[in-house]
*Asks:* 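After the structure tokens below, expect a handful of questions from me.
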Amino acid sequence: DLGPYRHFMQKEIHEQPRALADTLEGALNSQLNLGDLWGAQAEAIFKDVNSVLFLASGTSHYATLVGRQWLESIAGIPAQAELGHEYRYRDSIPNPRQLIVTLSQSGETLDTFEALKRAKELGHGYTLSICNVAESAIPRASALRFLTRAGPEIGVASTKAFTTQLVALYLLAISLAKAQGKLDADTQATHLEALRQLPGSVQHALNLEPQIQSWAARFAGKEHALFLGRGLHYPIALEGALKLKEISYIHAEAYPAGELKHGPLALVDSNMPVVVIAPNDRLLEKVAANMQEVHARGGELYVFADADSHFSASAGIHVMRLPRHTGLLSPVVHVIPVQLLAYHAALVKGTDVDRPRNLAKAVTVE
Ligand code: M6R
């Protein structure tokens with residue numbers, strides 16, 4: 001049932017505050033009880049872990065690109081993220097104390113499942129799966145499990161599964177920090193409070209939909225677009241570009257903004273819309289300098305900034321303000337407008353939003 005929405009994708013985008021609150025409920029109610037959240041052996045495994053390797057595909061992989069940064073910032077544990085189909089065919093050095101974390105909305109993605117099997121063959125015993133479907137192959141094959149509570153996701157373009165995966169990864173970072181004695185009670189309370197506030201911030205971002213709709217109309221006539229971000233928000237740029245490609249068939253590329261001058265700047269002219277994820281974090285001044293590089297070449301900038309940033313619009317620079325900056329959790333809020341931008345661009349183009357050409361919801365083939 002679509003209710004007031006035109007497509008499942010739009011409905012699922014709007015379900016995110018609820019999906020996030022449901023996914024966080026157990027952690028918030030139990031004050032981060034590790035056994036309840038991850039499984040009986042979690043405490044012992046988390047104590048021993050010396051590094052984390054994330055394995056996933058597509059949008060789930062982008063979630064791990066954020067997660068690996070949270071792991072290092074919050075828990076001080078080295079973390080890498082790799083695509084399952086790359087990992088399974090390369091020589092790698094097994095580390096028995098490494099936690100293998102697979103992320104999959106469907107739990108059936110063959111590339112990710114085979115990567116998990118390969119990790120186990122190599123002798124990895126510490127396996128954890130974050131999944132949205134309880135009775136599926138990947139969690140069944142993992143020692144520890146966390147179920148995101150996004151509810152069924154019908155649209156091929158993943159939206160609410162992504163943001164619920166992000167909060168699961170944040171919980172993983174604070175859980176590992178806790179197990180390893182790196183999280184004092186005050187810091188834990190601060191993290192949990194930030195998570196409690198998050199669905200409200202996401203709701204504020206959703207309220208920008210009418211403004212985003214007017215931006216999207218301009219994208220629909222373009223053949224190419226660039227998405228820029230830095231740090232925690234480079235994966236959000238990747239996700240914005242993937243969403244636009246998937247459902248509107250506009251060619252979009254994402255770059256870490258610092259990389260522009262190493263090549264992609266050559267693409268920029270007045271026909272190239274450039275979306276910039278520009279939250280009020282410690283990289284803001286760097287991102288602003290990258291925006292100048294685009295502006296000077298005649299590129300049209302579409303900037304998602306925070307309410308408390310000093311950006312202002314001018315000729316060729318469009319600025320939209322999200323809620324107040326939400327610190328480390330900011331990627332969860334900043335992905336909302338790029339989901340909406342892709343959705344509305346596709347609507348203008350008249351594509352089949354929920355079932356884009358050539359794609360399947362769960363990719364169970366190689
Ligand atoms: O079910 P999974 O999370 O394992 O799926 C992985 C990718 O196939 C999936 O995220 C895909 O990239 C989406 N269609 C993106 O919107």
Side-chain angles (χ1 to χ4, degrees), residues 7-13 15-16 19 23 54-67 81-88 100-119 127-142 145-169 227 235-250 252-254 335-336 338-343 345-346 351-366:
H7 295 95
F8 283 105
M9 182 182 179
Q10 189 188 24
K11 177 170 181 265
E12 288 159 4
I13 288 173
E15 281 172 350
Q16 290 177 107
T23 300
F54 291 108
L55 298 171
S57 314
T59 283
S60 297
H61 171 63
Y62 297 155
T64 69
L65 295 179
V66 176
E82 200 166 336
L83 291 159
H85 43 88
E86 285 291 310
Y87 172 79
R88 70 177 284 212
I100 302 288
V101 180
T102 46
L103 234 86
S104 174
Q105 184 283 132
S106 61
E108 301 291 348
T109 301
L110 189 89
D111 289 330
T112 307
F113 187 42
E114 290 296 331
L116 172 61
K117 288 207 279 200
R118 163 92 175 136
T127 55
L128 183 154
S129 141
I130 295 172
C131 188
N132 195 43
V133 181
E135 289 311 313
S136 57
I138 295 170
R140 263 202 302 269
S142 306
R145 284 168 217 106
F146 181 92
L147 198 63
T148 50
R149 288 173 57 194
E153 193 181 61
I154 312 287
V156 165
S158 189
T159 53
K160 60 178 181 172
F162 178 73
T163 44
T164 55
Q165 284 172 337
L166 285 178
V167 295
L169 290 168
F227 284 72
I236 301 309
L238 286 165
E239 177 60 2
L242 179 63
K243 290 290 93 101
L244 197 67
K245 280 185 267 213
E246 260 189 314
I247 59 166
S248 74
Y249 316 146
I250 295 169
E253 295 293 336
V335 76
I336 305 297
V338 297
Q339 294 172 341
L340 287 167
L341 184 65
Y343 173 71
T351 56
D352 189 346
V353 171
D354 286 332
R355 282 182 307 270
R357 67 187 183 200
N358 310 339
L359 299 175
K361 181 65 186 162
V363 185
T364 54
V365 293
E366 191 173 5

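For this chain, numbers begin at 1 and follow the sequence in order. Indexing begins at 1, ligand by ligand and atom by atom, following the structure's order. Computed from heavy atoms alone, side chains included, the values below leave out hydrogens, waters and symmetry copies.
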*Asks:* Could you tell me, for ligand 1, which of its N or O atoms are under 3.5 Å from any protein N or O, listing the pairs and their distances rounded to 0.1 Å?
*Replies:*
| residue | atom | partner | partner atom | Å |
| --- | --- | --- | --- | --- |
| ligand 1 | 1 (O) | Ser104 | OG | 3.4 |
| ligand 1 | 1 (O) | Gln105 | N | 3.4 |
| ligand 1 | 1 (O) | Ser106 | N | 2.9 |
| ligand 1 | 1 (O) | Ser106 | OG | 2.7 |
| ligand 1 | 1 (O) | Thr109 | OG1 | 3.3 |
| ligand 1 | 3 (O) | Ser60 | OG | 2.6 |
| ligand 1 | 3 (O) | Gln105 | N | 2.7 |
| ligand 1 | 4 (O) | Ser104 | OG | 2.6 |
| ligand 1 | 4 (O) | Thr109 | OG1 | 2.4 |
| ligand 1 | 5 (O) | Thr109 | OG1 | 3.4 |
| ligand 1 | 10 (O) | Thr59 | N | 3.1 |
| ligand 1 | 12 (O) | Thr59 | N | 3.3 |
| ligand 1 | 14 (N) | Val156 | O | 3.0 |
| ligand 1 | 14 (N) | Glu246 | OE2 | 2.6 |
| ligand 1 | 16 (O) | Thr59 | OG1 | 3.4 |
| ligand 1 | 16 (O) | Ser158 | N | 2.9 |
| ligand 1 | 16 (O) | Lys243 | NZ | 3.0 |
| ligand 1 | 16 (O) | Glu246 | OE1 | 2.7 |
| ligand 1 | 16 (O) | Glu246 | OE2 | 3.2 |

*Asks:* Can you list every pair that meets salt bridge (Lys or Arg N to Asp or Glu O under 4.0 Å) and has a residue in residues 130-139, with sequence neighbours left out?
*Replies:* Glu135-Arg140
*Asks:* Restricting to side-chain contact (heavy atoms from CB on, under 4.5 Å), what partner residues turn up for Ala119, sequence neighbours left out?
*Replies:* Tyr87, Ile100, His124
*Asks:* Would you call Glu114 and Arg118 a salt bridge, using N to O less than 4.0 angstrom?
*Replies:* no
*Asks:* Partners of Thr23 by side chain to side chain donor-acceptor pair (under 3.5 Å), sequence neighbours excluded?
*Replies:* none
*Asks:* With no hydrogens and no angle check, is any side-chain donor or acceptor of Thr109 less than 3.5 Å from a backbone partner on Asp111?
*Replies:* no
*Asks:* Please name the residue in the list Leu244, Ile236, Leu238 that meets the side-chain contact (heavy atoms from CB on, under 4.5 Å) test with Phe227.
*Replies:* Leu244
